[in-house]
Each structure stands twice: as C-alpha cells, then as structure tokens.
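These notes are about the structure you will find just below.
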There are 2 protein chains.
Amino acid sequence: MSNKYESIQLKNQICFPLYAASNMITRKYKPFLDELDLTYTQYIAMMVLWEKVQANEKLLCEALCLKSNTVTPLLKKLQDKGYIEKKKDKGDERNLVITLTKAGKELRDKALRVPECMAKEVHITAEEAEVLYRILYKIIDDERMIPYD
Amino acid sequence: MSNKYESIQLKNQICFPLYAASNMITRKYKPFLDELDLTYTQYIAMMVLWEKVQANEKLLCEALCLKSNTVTPLLKKLQDKGYIEKKKDKGDERNLVITLTKAGKELRDKALRVPECMAKEVHITAEEAEVLYRILYKIIDDERMIPYD
DNA sequence: ACATATTATATCGCGTGCGATATAGTATTA
DNA sequence: TAATACTATATCGCACGCGATATAATATGT
C-alpha cells in the first residue's frame with residue numbers, strides 16, 4: 001500500500017482542504033452578501049472599516065493579509081458603490097485616509113444578518129470552530145510577523 | 001465590552017482565518033512550484049492526474065471542488081505546457097479523456113521535493129495538522145454531497 | 001422516432017490575489 | 001541642502017474562481 005508517491009497524493013495534503021474549504025465558504029457567503037452589494041473581500045474590508053471608523057490602505061492590507069495590488073482596486077470599488085471616501089492625509093500626503101459614507105455606516109446594521117445566516121450553513125460544532133480558529137491563527141500569525149527578510 | 005456588532009468583527013469570524021491561511025499557504029508554495037512551472041491550482045490538478053493516470057474534466061472538477069469554468073482553462077494551460085493531452089472519448093464524445101505526456105509523468109518525481117520544502121514552511125504540529133485536516137474535510141464533505149437542490 | 005431532458009465541456013464577464021514595478025511624498029544622512 | 005533611502009499607494013499582466021449561459025452529445029419518455 002505504501003508507495004514512493006504518497007506524499008504527493010491529494011488526500012495527504014493539508015493545503016488542499018484549506019483551499020477547498022475557503023473557496024466553499026466564500027461561495028456560501030455570496031447570496032447573503034449580494035443583498036449588501038458586497039463581495040466577500042469587500043465584506044471583510046468593510047468589517048475593518050466599521051471598527052476603525054478611520055483607516056488607511058496600509059492598515060487594511062495588514063488586517064486582511066493582502067497586498068496593495070489587491071486592496072487598491074478593492075477600495076476603488078467600495079468608493080464607486082458609495083460606501084467609503086478617500087482623501088489625502090494633510091499631515092502626510094502619502095497616506096490615504098479612508099472614511100465611511102452615510103451609506104457605508106448604515107450597511108453595518110444590515111450586515112448583522114449575515115453571520116446568522118452563515119451559522120446555519122456551516123455544520124461544525126462550537127468546539128471544532130474554536131480549535132480551527134486557534135490553529136489557523138497560528139499559521140497566519142507565524143507568517144505575519146516574519147522577522148527575517 | 002460586549003456590543004451589538006461583535007458578530008461582525010473581523011476577529012470573531014471563522015471564515016477570515018480560513019481565507020487568509022489559504023492565501024498564505026498558496027503564496028508559500030509559489031517558489032517551489034515555479035521550479036516545476038506549475039501554479040498551485042495546476043499542481044493539485046496534476047496530483048489527481050498522477051494518481052488516476054486517465055481522467056476526464058468532470059472527475060477533476062469533483063476532486064478539486066471546482067467548476068468547469070475554472071478547470072477548462074486550467075487544462076488548456078497544462079496542455080500548452082506539454083504536461084497533458086486531451087482527446088475525445090470514442091465511446092462518449094462528450095467525454096474528454098485526459099492523459100499525461102512523458103513530461104507530465106516525469107514531473108512527478110521532481111514534485112516529490114515540494115512537500116518536503118513546504119513542511120519546513122508551515123509550523124504546526126502533527127496533531128494540529130490532523131485536527132485541522134479532520135475539521136476541514138467535515139466542512140468540505142458536508143457540502144460536496146448536498147442532497148437538496 | 002422524436003421531442004425533451006440530461007450530461008460534459010466550453011465561453012463570457014467580473015473581481016480578486018499575486019509578483020514585479022512605478023511614482024510620489026517624507027525621512028535621513030552626509 | 002542635495003543625494004539617498006524609505007514609505008504609501010498605484011499600475012501592469014497573469015491566473016484563477018465564480019455565476020450565468022451556450023453548445024454538442026447522449027439518454028429518456030411517449
């Protein structure tokens with residue numbers, strides 16, 4: 001049974017279920033997020049903005065573990081939808097001060113529905129969710145604060 | 001401390017670490033997969049083909065939890081790179097029989113290096129990997145064999 | 001047999017995600 | 001203060017990943 005190629009069998013990868021589950025969850029969000037006129041990535045960006053009230057692009061990149069080449073067009077779309085505004089920081093003109101519009105702030109209450117709906121879609125126990133959460137953050141945090149390079 | 005909006009704080013989502021960790025892992029694979037001239041998605045597709053030897057597009061879609069609109073162009077790229085060949089099935093002309101070329105078969109041995117390199121990149125214990133694996137597959141399998149609709 | 005349904009694959013348009021690179025503004029340092 | 005380094009944001013091109021839809025081949029039902 002044991003063979004040379006076991007290590008590159010799909011069923012022996014940890015990366016694949018991570019990838020597949022992530023795709024699946026994003027797909028499940030879609031119908032609920034459609035009602036807010038948000039994509040999944042736009043939704044998690046709005047989460048950060050709802051909490052911070054004011055932010056810049058760098059903060060968003062770090063919070064979402066994304067690069068500027070993903071976040072720049074994302075912010076453009078949120079602006080086009082009328083949820084955010086971008087201004088240059090008076091103190092440091094490189095900085096992009098991002099603020100929520102009235103519509104952007106109002107969206108927060110509508111969004112409260114989303115986690116309720118999603119809870120019914122993903123069938124894992126509270127304990128499993130906690131364990132999952134802890135291990136995933138171990139992977140993320142390990143990478144986030146890379147000291148070398 | 002407890003507020004109305006806790007449920008839509010980024011730190012309280014299970015979807016986000018899943019999404020971020022998946023992105024990160026894919027990013028970590030890149031330098032190793034570059035040596036095989038494969039992207040991450042092409043890599044997991046090749047894993048299936050190395051095992052099955054012969055397959056069709058539908059089988060790949062199911063194995064990778066992807067839709068034909070992702071897999072069709074993927075296969076075109078693998079064909080352009082000379083790793084696979086596509087022919088119509090004589091018995092059922094709708095079927096696309098996918099076979100590995102010589103180069104595609106040879107790539108398998110080069111790929112053995114990849115999991116070794118990746119093991120050094122992701123710092124979780126064997127137990128954590130096992131738990132993660134089990135929970136993620138619970139999410140995936142729950143979705144895969146959806147009976148209604 | 002023939003209209004209808006089903007199946008496998010393909011196409012279209014959009015929004016990511018990324019590495020690489022460019023640009024503009026600020027800080028540093030000689 | 002003038003060259004240099006650094007920082008925040010933006011641009012480019014490529015490869016997904018998706019819902020919606022199209023097309024061609026096979027299966028089904030009357």
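Throughout, a chain's letter reflects where its sequence line sits, starting with A, and its residues are numbered from 1.
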Exercise. Look at the side chain of A:Arg94 against the base of D:dT9 and say whether a donor-acceptor pair falls under 3.5 Å; ignore hydrogens and angles.
Key: no

Quiz prompt | Any N/O donor-acceptor pair, B:Ser68 side-chain to C:dA10 base, under 3.5 Å | solution = yes

Figure out the [atom1]/[atom2] separation between [X] and [N], and round it to whole Å.
X: A:Asn69; N: D:dA8; atom1: CG; atom2: P; value: 16 Å
X: B:Gln42; N: D:dG17; atom1: CD; atom2: P; value: 10 Å
X: B:Tyr29; N: D:dC16; atom1: OH; atom2: P; value: 16 Å
X: A:Lys77; N: C:dG13; atom1: NZ; atom2: C1'; value: 12 Å
X: A:Lys87; N: D:dT9; atom1: NZ; atom2: C1'; value: 18 Å
X: A:Leu75; N: C:dG15; atom1: CG; atom2: C1'; value: 14 Å
X: A:Lys67; N: D:dC12; atom1: NZ; atom2: C1'; value: 17 Å
X: B:Glu57; N: C:dT11; atom1: CD; atom2: P; value: 10 Å

Exercise. Please examine the side chains of B:Leu18 and B:Leu136, heavy atoms only from C-beta on, and report whether any two atoms are closer than 4.5 Å.
Key: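 When only atoms from C-beta onward are counted, B:Leu18 and B:Leu136 do touch, with a gap below 4.5 Å.
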
If the cut-off is 4.0 Å, is [X] near the phosphate of [N], judged by side-chain N/O to OP1 or OP2?
X: B:Tyr19; N: C:dG17; result: yes
X: B:Thr39; N: D:dC16; result: yes
X: B:Lys76; N: C:dT11; result: yes

Practice problem: For residues B:Gln54 and B:Val97, report the shortest heavy-atom separation together with the two atoms involved. | Solution: NE2-CG1, 3.3 Å

Quiz item: If you look at every heavy atom in A:Ile135 and B:Glu128, which pair is closest and at what distance?
Solution: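 So the minimum-distance heavy-atom pair works out to CD1-O, 3.6 Å.
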
Quiz item: In this structure, are over 12 heavy atoms from other groups packed under 6.0 Å from A:Glu130 atom CD?
Solution: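 Atom CD in A:Glu130 is not crowded, with 12 or fewer foreign heavy atoms closer than 6.0 Å.
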
Tell me which nucleotide among [options] gets nearest to the side chain of [X].
X: A:Lys58; options: D:dA8, C:dG19, C:dT26; result: D:dA8
X: A:Asp92; options: D:dT11, C:dG25, D:dT9; result: C:dG25
X: A:Arg27; options: D:dC18, C:dG15, C:dC18; result: D:dC18
X: A:Thr41; options: C:dG17, C:dT11, D:dC16; result: C:dG17
X: A:Asn23; options: C:dA8, D:dT9, D:dC18; result: D:dC18

Exercise. Give a yes or no on whether a salt bridge exists between B:Lys28 and A:Glu143, defined as a side-chain N under 4.0 angstrom from a carboxylate O.
Key: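 Answer for the salt bridge query: yes.
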
Quiz item: When you check the gap from the basic side-chain N to the acidic O, do B:Asp142 and B:Lys138 get nearer than 4.0 Å?
Solution: no

Quiz prompt | A:Pro73 or B:Thr72, whichever maps to the more 5' nucleotide of DNA chain C | solution = B:Thr72

Quiz item: Relative to the 5' end of DNA chain C, which residue comes earlier, A:Thr70 or B:Thr70, by the nucleotide with the nearest heavy atom?
Solution: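 In this pair, the answer is B:Thr70.
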
Self-check item: Residue mapping more 5' on DNA chain D - nearest nucleotide basis, A:Leu59 or A:Lys30
Solution: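 Its nucleotide being nearer the 5' end, the pick is A:Leu59.
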
